[in-house]
Undergrad: 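The structure follows.
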Protein chains: 2
Amino acid sequence: MKPKSFIGMRCSIAGALELIGDRWALLIIRDLSLGLSRYDDLRASTGIPAATLAARLKHLCVSGIVERVRYQERPARDEYRLTPKGHDLWKVNVALREWGDRWDASGFGQPTTEMVDRQNGRPLILALVDAATGEAVPRERSRLRAGPGATDTTRRLLEADM
Amino acid sequence: MKPKSFIGMRCSIAGALELIGDRWALLIIRDLSLGLSRYDDLRASTGIPAATLAARLKHLCVSGIVERVRYQERPARDEYRLTPKGHDLWKVNVALREWGDRWDASGFGQPTTEMVDRQNGRPLILALVDAATGEAVPRERSRLRAGPGATDTTRRLLEADM
DNA sequence: GCATATAACTTCAATTATTGAAGTAACCAG
DNA sequence: CTGGTTACTTCAATAATTGAAGTTATATGC
């Protein structure tokens, strides 16, 4: 039967996962943000089957994460680029990479990439900061609070761990 | 045919996605980190079909993200908890939530939750910081650099955007 | 004693999705 | 006119997901 949709769940994580699509999608997005843009390059880099790649790219276009750009006429050829919405997913990939490196998810033992400061080469990681001031806040000092669109169920769950 | 495995790709993102499993897994992890732990609660909260939930939980246990804990004998009943490895995925979910809220992925218009500082109630977001000092660094000042385990292909790609 | 309830699943057949292999379309180069 | 490039599509086989219903072991109410 048809895979269930998350839509209607009133959850931004569920919505995000729905827009992204599946496990291949974040790899496609990873490659696009690394500078790849052509169908065949994406295929070679990810190893994704041709039919699946075509389907994923279509989905990502509909979701507004990727756009198709004609880069030559005769013969007509299109490439794929991240939209601003797609670029904005970078934190998801950084978080996945950090976690994957920390727990050796690739099984290879050594990280293949690392994020560093352009100016001094020092390693960078994701952390919670005050949205206004940019000051770092340790995770223990953070709390998830019900927002304007919270359901009663969500509200009850969040109150439990105040 | 059998869905392709990412293993062997030498990429921590691919590895992480493989360990996590699929789109349901992050919702399960979201609920576990919110305090749910019982099979039926997870089912009710996510709407995931029973058979699929059982399969996902098994996979997450094998991946070391979730553990099964007996909480009563007679009748024997187990609940599910995040391991430290599982808890450590929090940044992925925070990043997904931020993105989902920013682009209204749920289609609801209003965020259901928000991360705030316990001490002053101010909103928190994920940002890049110096791993050693905790000082925030703007994204434009960051660079992805080849790590010790990088393949030649990766190295070439990264050099292109120096 | 017996029906009902609870919790955590399992089983099943039907339906979709994914896959690898092969093929297509539109051109260009020699 | 043969071969190469790029971006796919088509196909049949296989695998995964689904909703509905059933299972197991026990407790609870009457």
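Chain A is the first sequence line, chain B the second, and so forth, proteins listed ahead of strands; every chain is numbered from 1.
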Undergrad: Is atom CD of B:Glu67 surrounded by more than 12 heavy atoms (other residues, nucleotides or ligands) closer than 6.0 Å?
TA: yes
Undergrad: Quick one: label B:Arg38 by what it contacts on the DNA or RNA (base, sugar-phosphate, nothing), any heavy atom closer than 4.0 Å.
TA: sugar-phosphate
Undergrad: Regarding B:Glu79 and B:Arg81, does a basic nitrogen lie under 4.0 Å from an acidic carboxylate oxygen?
TA: yes
Undergrad: Report yes if at least one side-chain N or O of A:Arg68 is closer than 4.0 Å to OP1 or OP2 of D:dC8; otherwise report no.
TA: yes
Undergrad: Quick check: on DNA chain C, is the nucleotide nearest A:Pro49 upstream (toward 5') of the one nearest B:Asp41, or the reverse? Name the residue that is more 5'.
TA: B:Asp41
Undergrad: Can you tell me the distance, in whole Å, between the CG atom of A:Leu42 and the P atom of D:dA7?
TA: 9 Å
Undergrad: Is it true that B:Asp22 and A:Arg23 make a salt bridge, defined as a side-chain N closer than 4.0 Å to a carboxylate O?
TA: no
Undergrad: Return the polar atom pairs (N/O with N/O) between nucleotides 10-16 of chain C and the protein under 3.5 Å, or none.
TA:
{"residue": "C:dT10", "atom": "OP1", "partner": "B:Lys58", "partner atom": "NZ", "Å": "3.4"}
{"residue": "C:dT15", "atom": "O2", "partner": "A:Met1", "partner atom": "N", "Å": "2.5"}
{"residue": "C:dT16", "atom": "O4'", "partner": "A:Met1", "partner atom": "O", "Å": "3.3"}

Undergrad: From CG of A:Asp40 over to P of D:dG4, roughly how many Å is that when rounded to an integer?
TA: 15 Å
Undergrad: Among C:dT18, D:dT18, D:dT6, find the nucleotide with the atom closest to the side chain of A:Thr52.
TA: C:dT18
Undergrad: For D:dA7 and A:Tyr71 - does any side-chain N or O of the residue sit under 4.0 Å from the phosphate oxygens OP1/OP2?
TA: yes
Undergrad: My understanding is that only residues two or more places apart in sequence, or in another chain, count here; which of them pass salt bridge (charged side-chain N to carboxylate O under 4.0 Å, His left out) with B:Arg155?
TA: none
Undergrad: Please give, in whole Å, the distance from D:dA15 P to B:Asp22 CG?
TA: 18 Å
Undergrad: List for me each residue that meets salt bridge (charged side-chain N to carboxylate O under 4.0 Å, His left out) alongside A:Asp40, sequence neighbours excluded, and say none if there are none.
TA: none
Undergrad: Could you check how far CD1 of A:Ile48 sits from C1' of D:dT9, rounded to whole Å?
TA: 15 Å
Undergrad: Expressed as a whole number of angstroms, how long is the span from B:Gln72:CD to D:dT26:P?
TA: 11 Å
Undergrad: Hey, are B:Glu114 and A:Arg145 close enough for a salt bridge, meaning a charged N less than 4.0 Å from a carboxylate O?
TA: yes
Undergrad: Nearest-Å distance, CG (A:Asp78) to P (D:dT9)?
TA: 11 Å
Undergrad: Specify the separation, in whole Å, of atom CD of B:Glu79 and atom C1' of C:dA7.
TA: 12 Å
Undergrad: It should be established whether A:Tyr80 places a side-chain nitrogen or oxygen under 4.0 Å from OP1 or OP2 of nucleotide D:dC8.
TA: yes
Undergrad: Over how many whole Å does the gap from A:Arg56 atom CZ to C:dT19 atom C1' extend?
TA: 12 Å
Undergrad: With respect to the phosphate group of C:dA17, does any side-chain polar atom (N or O) of A:Trp24 fall under 4.0 Å of OP1 or OP2?
TA: no
Undergrad: Report, as yes or no, whether the 6.0 Å neighbourhood of atom CZ on A:Arg70 holds more than 12 heavy atoms from other residues, nucleotides or ligands.
TA: yes
Undergrad: Show the distances under 3.5 angstrom between N or O atoms of the protein and N or O atoms of nucleotides 25-30 of chain C.
TA:
{"residue": "C:dC27", "atom": "OP1", "partner": "A:Arg74", "partner atom": "NH2", "Å": "3.2"}

Undergrad: Any chance the side chains of B:Arg77 and B:Tyr39 put a donor and an acceptor closer than 3.5 Å?
TA: no
Undergrad: Quick one: which residue pairs count as a side-chain hydrogen bond (donor to acceptor under 3.5 Å, both in side chains) with a foot in residues 92-101 of chain A, not counting sequence neighbours?
TA: A:Glu98-B:Lys91, A:Asp101-B:Ser12
Undergrad: Kindly write out the residues that satisfy salt bridge (charged side-chain N to carboxylate O under 4.0 Å, His left out) with B:Arg68, not counting sequence neighbours, or none if the list is empty.
TA: B:Asp78
